Student: 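Before I ask anything, here is the structure I am working with.
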Amino acid sequence: MKKVKKIKQIKKRKNEFPKLKEAILEAILTSVGDHIMAVVVVDRNGRIIRVNKGFETLTDWKREEVIGKSLVRVIPREDEKGRKVPFKKRILHKILSGKILASTATITTRGIEKLPIFYYVRKDKSRFPATSVVNPMSFAGEITGAVEVFYDITKEKELERIRMDFLSLASHQLRTPLSGIKWLIETMYRGVLGEMTERQKCYLDDIYKINEQMIRLVYDILSTLRLENEEAIIKKEVISVQSLFEDVLTLVSAAAKGKNVTLQNPLNHRTLTIETDAEILKAILGCFLSNAIDYSMPGQKVILGVREESGTVVFSVRDFGSGIPKREQKRMFERFYRASNAKNLKPIGTGLGLNIAKTLTEKIGAKISFKSEENRGSTFYLRIPKKSIKDVKVRNSV
Amino acid sequence: MNKVLVVEDEEFLIRALVDNLVADGYIVDIARNGNDAVSIIRKRKPDLILLDILMPKSDGFYVLEEIKKNPEWKSIPAIILSNLGEDKAIRRALEMGADDYFVKSQHPIQEVIERVKKYLEGKKAVKNRSCPRCKK
């Protein structure tokens with residue numbers, strides 16, 4: 001008798017199992033993202049079969065109003081300028097048709113992780129910035145539908161705007177007194193206020209140098225912060241390597257002379273051209289050269305070289321100076337990191353130069369690397385495709 | 001003698017600019033905000049304007065707009081001297097008709113003065129070209 005009762009109980013539980021599963025699923029969907037994250041499940045034709053509470057909150061649509069309807073029609077997607085994203089370009093369509101396997105909430109553009117921004121239109125036609133993740137549902141090797149999870153990023157966008165406004169104001173407020181010191185000292189150097197004694201000039205030289213370091217520091221810190229946020233405008237132009245070298249060598253010639261370091265560049269690149277953003281390339285090579293000069297001993301040389309390797313142009317800057325201790329080499333591109341022996345040759349440095357160079361490198365689709373030996377010197381390389389920025393585009397998962 | 005209008009709200013920058021310009025023989029007017037700048041331009045039309053952007057009351061963009069919409073003023077070279085260094089501000093100023101843009105902390109003052117000279121010499125040269133007989 002007992003056995004029969006137990007079997008009945010098991011059968012009952014078995015019958016209840018799908019309902020229990022359903023209840024669990026409902027509880028998960030409802031609690032996901034505390035009503036600010038929408039979860040929507042569609043069948044293979046993109047028709048809504050399930051939504052959570054977050055979907056209702058974010059879109060103003062009630063569950064019963066949308067079940068069975070096409071998701072892309074219920075929730076139109078727009079780009080930044082308010083243009084409707086066509087159905088075929090929606091990531092959901094691409095996933096349901098098997099063109100792509102899954103999408104993530106972040107994209108990587110030129111090495112910087114960003115949220116792809118688009119807008120979803122609510123029932124009342126108002127819109128909100130959103131980001132989403134879409135994944136297919138597969139059964140027996142076939143795509144049977146998809147799940148899209150999206151959330152409202154109004155707050156993130158607002159924070160980004162506040163951050164940029166702050167950066168802009170902070171940079172202005174920091175630069176103004178520094179430019180005042182700079183210009184007043186330069187006016188004194190000019191002798192407008194009369195001649196100065198050698199000792200006075202000496203003091204003024206020191207103040208001027210400290211101020212220039214501060215200007216550099218402010219510039220570097222703000223560049224780093226800005227590069228993270230902003231989609232800098234990348235220009236594309238054909239430039240001759242020879243004129244590029246002339247420009248960068250002029251930039252650092254005063255520093256090299258001051259330190260008694262000889263700059264060398266073999267003349268094997270007279271006809272070589274490269275298609276990229278000249279200013280960014282100059283900034284990267286300028287950073288390599290300044291570092292090479294800073295970490296060389298007086299009387300040493302720094303060699304700026306270039307060679308071509310199957311569609312890639314390889315720039316190199318070699319010095320014979322202090323080098324980087326092996327155990328610290330991994331950290332050289334970290335923000336604010338300075339090697340333990342760097343202070344001996346350059347007491348004040350920002351530790352930002354190579355970090356900025358690396359970010360810039362990624363912006364033009366190039367690669368940065370180095371080899372170094374302590375007390376023997378370093379060689380920094382920049383590998384850049386001859387047509388470097390042809391395919392570098394921001395990809396939005398629309 | 002050429003007249004240069006310095007539009008700047010920071011006293012220490014005014015001092016540096018004025019001392020250099022006067023040493024080079026220019027007549028200098030000073031305005032400490034955008035409104036003052038426009039009224040000085042009206043009274044004593046300058047040959048060149050050095051223009052800050054962020055100032056109290058009305059900013060450099062306002063001055064630029066006023067200059068460029070007035071047919072009598074629009075040919076006055078306007079060089080922006082600002083510590084706003086982002087692309088957005090630079091692009092806006094150049095699109096509005098600014099002739100040059102210096103981020104102050106990134107350029108020696110002498111570079112600015114040289115640019116002033118270049119513009120004013122250029123102006124002279126244009127004048128000469130338009131009246132070739134004067135040369136004879």
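Just so we're clear, the structure is a prediction, and the values are computed from it rather than from any experiment.
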Student: For A:Arg127, I'd like to know if atom CZ has over 12 heavy atoms of other residues, nucleotides or ligands within 6.0 Å.
Tutor: yes
Student: Does anything in residues 104-116 of chain B get under 4.5 Å of chain A by heavy atoms, and if so which residues?
Tutor: B:Lys104, B:Ser105, B:Gln106, B:His107, B:Pro108, B:Ile109, B:Gln110, B:Val112
Student: Which bit of B:Leu81 is near chain A, if near means a heavy-atom gap under 4.5 Å: side chain, backbone, both or neither?
Tutor: side chain
Student: Is A:Tyr219 atom OH crowded by more than 12 heavy atoms from other residues, nucleotides or ligands, each under 6.0 Å away?
Tutor: no
Student: Give a yes or no on whether A:Met214 atom CE has more than 12 heavy-atom contacts from other residues, nucleotides or ligands under 6.0 Å away.
Tutor: no
Student: Considering only heavy atoms, give the residues of residues 20-27 of chain B separated from chain A by less than 4.5 Å, sorted numerically, with 'none' for an empty result.
Tutor: B:Asn20, B:Ala23, B:Asp24
Student: Under 4.5 Å from any heavy atom of chain B, what part of A:Ile185 do you find: side chain, backbone, both or neither?
Tutor: neither
Student: Assess, by modelled atom type and distance only, whether the side chains of B:Asn83 and A:Ser171 contain a donor and an acceptor separated by less than 3.5 Å.
Tutor: no
Student: Look at A:Gln173, A:Lys182, A:Arg190, A:Met188 and state which one has the largest set of heavy-atom pairs under 4.5 Å with chain B.
Tutor: A:Arg190
Student: Using 0.5 Å steps for rounding, measure from the CG atom of A:Leu184 to the CG atom of B:Asp19.
Tutor: 8.5 Å
Student: Is it the backbone or the side chain of B:Leu17 that comes under 4.5 Å from a heavy atom of chain A, or both, or neither?
Tutor: side chain
Student: With respect to chain B, which residue among A:Thr176, A:Leu178, A:Ile215, A:Val192 yields the maximal number of heavy-atom pairs within a distance under 4.5 Å?
Tutor: A:Thr176
Student: How far does CZ of B:Phe12 sit from OG1 of A:Thr187, to the nearest 0.5 angstrom?
Tutor: 12.5 Å
